[in-house]
There are 2 protein chains.
Amino acid sequence: MAEGLPIAIYSANSRFMSRASDTAYEKIRSFILYGEARPGMQLTEERLCEIAGVSRTPVRDAVQRLENEMLVVRSASKRLSVADWSDDEIDEMFALRAMLECHAAERAARRMDENGLDRLRKVNGDLTRAVQLATPDITGFLEANRQFHDLILEYAQSPRLSKLLPALVEQPVVRRTANQYSGDDLIQSAKDHDELIAAFAAGDKDWAGAVMTSHIRRAFHSFHLATRGSETP
Amino acid sequence: MAEGLPIAIYSANSRFMSRASDTAYEKIRSFILYGEARPGMQLTEERLCEIAGVSRTPVRDAVQRLENEMLVVRSASKRLSVADWSDDEIDEMFALRAMLECHAAERAARRMDENGLDRLRKVNGDLTRAVQLATPDITGFLEANRQFHDLILEYAQSPRLSKLLPALVEQPVVRRTANQYSGDDLIQSAKDHDELIAAFAAGDKDWAGAVMTSHIRRAFHSFHLATRGSETP
DNA sequence: CGGACGATAATTGTATGCAATATATGAAGG
DNA sequence: CCTTCATATATTGCATACAATTATCGTCCG
């Protein structure tokens, strides 16, 4: 049922997901993002229990988390359904994400150290190799990309940001964007990361913020072009 | 135990709070914000049950919500305690809030209508009357202020923002700031709101965003001055 | 034929008991 | 006196039964 795609998004709370509520969270999330769930589809707690293989208590726990990420929505009468994002809501996600990632990059620029730079370089090395293949390794790109942004969030040292940002980075959107990328687009991403590293090395927060903003907004326009053609946002 | 201070913050999810989990949320929240809770103090679910007067199930529900607002934190071993915000975290709250409220104002400016303007004018009329008294009515100011910002959030028409912003507007911080305001500061707030209304009426999103940003940042500096003296942030 | 009403079924909300896990206590050994 | 390990205690996690709420559907009446 649930595929083995990279599930975790920005955020260090992967843990060992031993807890039933954690497995419920992962399984339901996969069901929604990569499974047979469809936007607007109704979900009952009992059905989710079957999917997750646990009882209602951990399922309710997981659902509340998913509600916060707005992957599921609750009607006035407390019934659950799979979220159905409007174009405006997706645009809004990119806009908010651009603001917050810019802010994260600015903070990280002030707090970066040699060890952090080394780790960023190593991760972006992996990313660069993945995109320079004759047929780019999208999964490898996504994983390295996630690690890169996670690392920046780590150096931003802001618990608030670490809580807010992950909910704005929905992997399916990232994935659809990445699949639409041309080889050149992917290589440009790697170059953006190189420039970010340079900005961090220089301790220039405005530079870092600006690069990050354009990095996200380019992704936004790729997504826009791929999913909605050439209407101007 | 829990005082009768205004509890709800920006957000339309006040409902009728009939559910046990809702009353648990309110009671625990009041205990933390206005009660005898102290930063860092450990909280057990059982203790919270006594405070809320309900069983552990709704308490756990409420705790998860409070965890999202970062009013309570969970240790590595899953134990709960009252959050203890550092100066940096509070500064960060103001910074993020300024960005998001600016964004909300920009969106609202594009979507404002005559009815919304009327409602804003009415609420700011209440606010103005409250602050022009010989001894300003702080509670009245806070309530009208909350309504004013709620209304903007309503007109921003962004479910994401409506979910993210409330967690950044903790009433105790607002309250401490307001108590430090001089009469002139309070009147300046009312004037900011007037200017916001003018920007909305003109449909000028950049104007609205700029006024909102300076509005929040002024509050930030008042708070800073009141709580940490004159060190520059 | 359509709409209000009431009985029934489906769904979510709450309490509670037990299981799993983490912490505290204290005795034994170095 | 300090450390180590085993046992006891405290705390959280999970499953389940039952209560409360909401939707569904058929019936009656206009």
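In this text, all values refer to a predicted model and were calculated from it rather than measured experimentally. Throughout, a chain's letter reflects where its sequence line sits, starting with A, and its residues are numbered from 1. Atom set for the values below is all heavy atoms of this structure, side chains included, hydrogens, waters and symmetry mates excluded.
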Contact list (N/O, under 3.5 angstrom) for nucleotides 7-11 of chain D vs protein:
from: D:dT11; atom 1: O4'; to: B:Arg79; atom 2: NH2; distance (Å): 3.3

Margin query: Closer than 4.0 angstrom, basic N to acidic O: yes or no for B:Glu45 and B:Arg60?
Written below: yes
Notebook entry, point to check: Of all the nucleotides listed (C:dC18, D:dT21, C:dA22), which has the minimum atom distance to the side chain of B:Arg56?
Noted result: C:dC18
Item checked: Strand contacts (DNA chain C) in residues 57-67 of chain B, 4.0 angstrom heavy-atom criterion -> B:Thr57, B:Pro58
Margin query: The side chain of B:Arg74 is closest to which nucleotide in this list: D:dC18, D:dT12, C:dA15?
Written below: D:dT12
Notebook entry, point to check: Nearest-Å distance, OH (A:Tyr25) to P (D:dG13)?
Noted result: 17 Å
Margin query: Taking atom CZ as the centre, does A:Arg110 end up with more than 12 heavy-atom neighbours from other residues, nucleotides or ligands that are less than 6.0 angstrom away?
Written below: no
Check: With no hydrogens and no angle check, is any side-chain donor or acceptor of B:Arg97 less than 3.5 Å from a backbone partner on B:Leu165?
Finding: no
Margin query: If only side-chain N and O atoms count, and only distance matters, is there a donor-acceptor pair under 3.5 Å linking A:Glu101 with A:His215?
Written below: no
Check: Side chains of B:Gln64 and B:Tyr25: donor-acceptor distance under 3.5 Å anywhere?
Finding: no
Notebook entry, point to check: Of the nucleotides D:dC14, D:dT22, C:dT16, which one has an atom closest to the side chain of A:Ala20?
Noted result: D:dC14
Margin query: Side chains of B:Gln42 and B:Ser81: any donor to acceptor distance under 3.5 Å?
Written below: no
Margin query: Tell me every residue that passes side-chain contact (heavy atoms from CB on, under 4.5 Å) with B:Arg129, counting only those two or more places apart in sequence or in another chain.
Written below: B:Asp126
Note to self: Taking 4.0 Å as the cut-off, does a side-chain nitrogen or oxygen of A:Ser77 come that near to OP1 or OP2 on D:dT21?
What the structure shows: no
Notebook entry, point to check: To the nearest angstrom, how far is A:Arg19 atom CZ from D:dT12 atom P?
Noted result: 12 Å
Next item on the list: Could you verify whether a donor N or O on one side chain and an acceptor N or O on the other, from B:Glu26 and B:Thr23, lie under 3.5 Å apart?
Entry: no
